[in-house]
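The structure under discussion appears below in the form of structure tokens.
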Amino acid sequence: LYVRSELQLVMSHPVNARPPRHIPLPNHERKAAHRDPLFKVLMILVIIVGTINIAIFASLDNVLSKELASMHLPSMHLPDSNEDNRPLQEVTVEELIRDKAKPAGDNEPAENNGETGNNEDTGDKERVIDILERAGVMLNPKDIANLPTWSSVVAQYGSEPVIVGLDTCKEFQSSVPEEQAWLAPAGLFNTGTHLVSLDLTKNCHLHKRQNTSGVADQVPWGKHRPATVRLKHRNDTDWERSVNITTILPIVTVKDPYHWMGSMCRHPYIAFWPHTRQNCPNLLRENDDTAIEVQVKYNRTNSSQTVKHESLVGMWNDFNKLYVDASFPRLIVRYEDLLFHHDYVVSKVCECAGGSLLPTLTMLKDNTKPHGGVTNLKSSVMRYGKIEKRGEGFSNRDLSFAESKLNKELIDLFGYKLESNLRQ
């Protein structure tokens, strides 16, 4: 404001008049100007303002230095003779075989229910932090505070990955020529079928395949359809209509039933049953203990393609039991293992079909779903790693019904736990 007022004074000053004091003076007049009181006041103000600025910037520098020191950032040192120079998101095949399923915890605390970000809690998160950082996910202190502990992951899913059907791999390889073999995902809605397709395409290549990795988007009979229609239904693409069904190795994904029902509440797709966002999964009718039926309408104009289930729990039981009991070769993998044991699962699936892994494995960190909810690796780890997210929104009646109706053989086979066992 001072400068603007002075400029206005200059612009309004007569051309032939003696210039005001702030206009450059001839040398013989400059010394006299220095003795002017206004000049001295201005110089003092300049010194004061400059001193204050220096103090402010020094304080900010100190605060920023402390903040950066407290952040958990990946190390950025040069590799020595015992390290290689790979990007964080890549891992060699030798490493993944050596580190197949590192035990959960000689160094982790036996129990840690807090999410406070203290040193002990952060120590129980190191395995989770490592998974995310190796995938290229940058974490700030707030992210780290919100991450699940490894103890929480192990409490829900155990310390080892689970793959059902590895005993059928030899049968598939011996009966299907290498140049005809295909990998294709299948599974219920919200179980990571699209992730499987992208993940295998990026990391696995079937031998003798030309112009393709040998990984399809879905099984020809429809990835969300039950296994009973495998030989009865074909989708509409040229490949799905023409491919030999017996050359397909289905990779079926399954999700913890409590987490899965929560996913269905958020994104039900073509499954229909009475519920609201505030009242979900709504397994029982309000006035009695009658289960609420679920209808899956695979074709809304053809009622013969509608499949009915006793309840949402029944839908999980029915679909997964058909693939468990299937007589044809298939693998069933847990969605959670794609998050927490990614490299081991991808290597075993690729090996089962007779394929080979790429020199380095890449874990997808960004949103992989073209529809439904927007999720990425970090948000998925935060949701499915936390015990408190499991059964979120369930009423006591829902929990009791799920406890009584979930197929115990499937729960044990997949290494999941009933809610009552998890809370003990």
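When a residue number appears, it is its place in the shown sequence, counting from 1. These figures come from a predicted structure and were not determined experimentally.
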Original post:
Can you list the residues that meet the side chain to side chain donor-acceptor pair (under 3.5 Å) rule with Thr237, with sequence neighbours excluded?
Top reply: Glu240

Subject >> All salt bridge (charged side-chain N to carboxylate O under 4.0 Å, His left out) counterparts of Asp167, not counting sequence neighbours >> reply: none

Original post:
Do other residues, nucleotides or ligands put more than 12 heavy atoms under 6.0 Å from Asn235 CG?
Top reply: yes

**OP:** Find the distance between CG (Leu357) and SG (Cys350) and round it off to the nearest 0.5 Å.
**Re:** 4.5 Å

Original post:
Short question: side chain of Arg330, backbone of Thr168 - any donor-acceptor pair under 3.5 Å?
Top reply: no

Original post:
Between Tyr384 and His259, what is the ring plane arrangement, given parallel below 30°, perpendicular above 60°, and tilted in between?
Top reply: perpendicular

Original post:
Backbone N or O of Thr362 within a donor-acceptor pair of the Asn203 side chain at under 3.5 Å?
Top reply: yes

**OP:** Identify, with sequence neighbours excluded, every residue that meets salt bridge (charged side-chain N to carboxylate O under 4.0 Å, His left out) alongside Asp325.
**Re:** Lys321

Original post:
Going by heavy atoms in the side chains, are Val243 and Thr247 under 4.5 Å from each other?
Top reply: yes

**OP:** Give, for atom CD1 of Ile129 and atom CD of Glu133, the distance between the pair rounded to the nearest 0.5 Å.
**Re:** 6.5 Å

**OP:** Mind checking ring pair (Phe, Tyr, Trp, His ring centres under 6.0 Å) for Phe394 and listing every partner two or more places apart, or none if nothing turns up?
**Re:** Tyr258

Subject >> Contacts of Tyr323 that satisfy ring pair (Phe, Tyr, Trp, His ring centres under 6.0 Å) - sequence neighbours left out >> reply: Phe319

Original post:
Where do Lys223 and Asp217 land on the salt bridge (charged side-chain N to carboxylate O under 4.0 Å, His left out) test, with the steps shown first?
Top reply: CA-CA 9 Å; Lys223 62 183 180 180; Asp217 292 336; over 6 Å; no

Subject >> Which residues share a side chain to side chain donor-acceptor pair (under 3.5 Å) with Glu293, sequence neighbours left out >> reply: Gln295

**OP:** Find the distance between OH (Tyr298) and CD1 (Ile270) and round it off to the nearest 0.5 Å.
**Re:** 6.0 Å

Original post:
Is the shortest side-chain N to carboxylate O distance from Lys386 to Glu392 below 4.0 Å?
Top reply: no

Original post:
Among all residues two or more places apart in sequence or in another chain, which pass the ring pair (Phe, Tyr, Trp, His ring centres under 6.0 Å) test with His309?
Top reply: none

**OP:** First locate atom CG of Asn244, then atom OG of Ser242, and finally report the distance between them rounded to the nearest 0.5 Å.
**Re:** 10.0 Å

Original post:
When the ring planes of His224 and Tyr269 are compared, do they come out parallel, tilted or perpendicular, using 30° and 60° as the limits?
Top reply: tilted

Original post:
Within a strict 4.5 Å, meaning less than it, do heavy atoms of the Trp316 and Thr191 side chains meet?
Top reply: no

**OP:** Name all residues meeting the ring pair (Phe, Tyr, Trp, His ring centres under 6.0 Å) criterion together with Tyr157; count only those two or more places apart in sequence or in a different chain, and write none if there are none.
**Re:** none

**OP:** Write out all pairs satisfying salt bridge (charged side-chain N to carboxylate O under 4.0 Å, His left out) with one or both partners inside residues 253-267, taking only residues at least two apart or from two chains.
**Re:** Asp256-Arg390

**OP:** Output all residues satisfying side chain to side chain donor-acceptor pair (under 3.5 Å) with Glu310, sequence neighbours left out; order by chain, then residue number.
**Re:** none

Subject >> Separation of His267 NE2 from Asn190 CG (nearest 0.5 Å) >> reply: 6.5 Å

Subject >> For Arg241, all residues meeting side chain to side chain donor-acceptor pair (under 3.5 Å), sequence neighbours excluded >> reply: Asp238

Subject >> Reported CG-to-NE2 distance for the pair Leu364 and His194, which is rounded to 0.5 angstrom >> reply: 9.5 Å

Subject >> Of all pairs that satisfy side-chain hydrogen bond (donor to acceptor under 3.5 Å, both in side chains), the ones with a partner from residues 400-415, not counting sequence neighbours >> reply: Glu403-Ser420

Subject >> Whether over 12 other heavy atoms sit under 6.0 Å from Asn396 CG >> reply: no

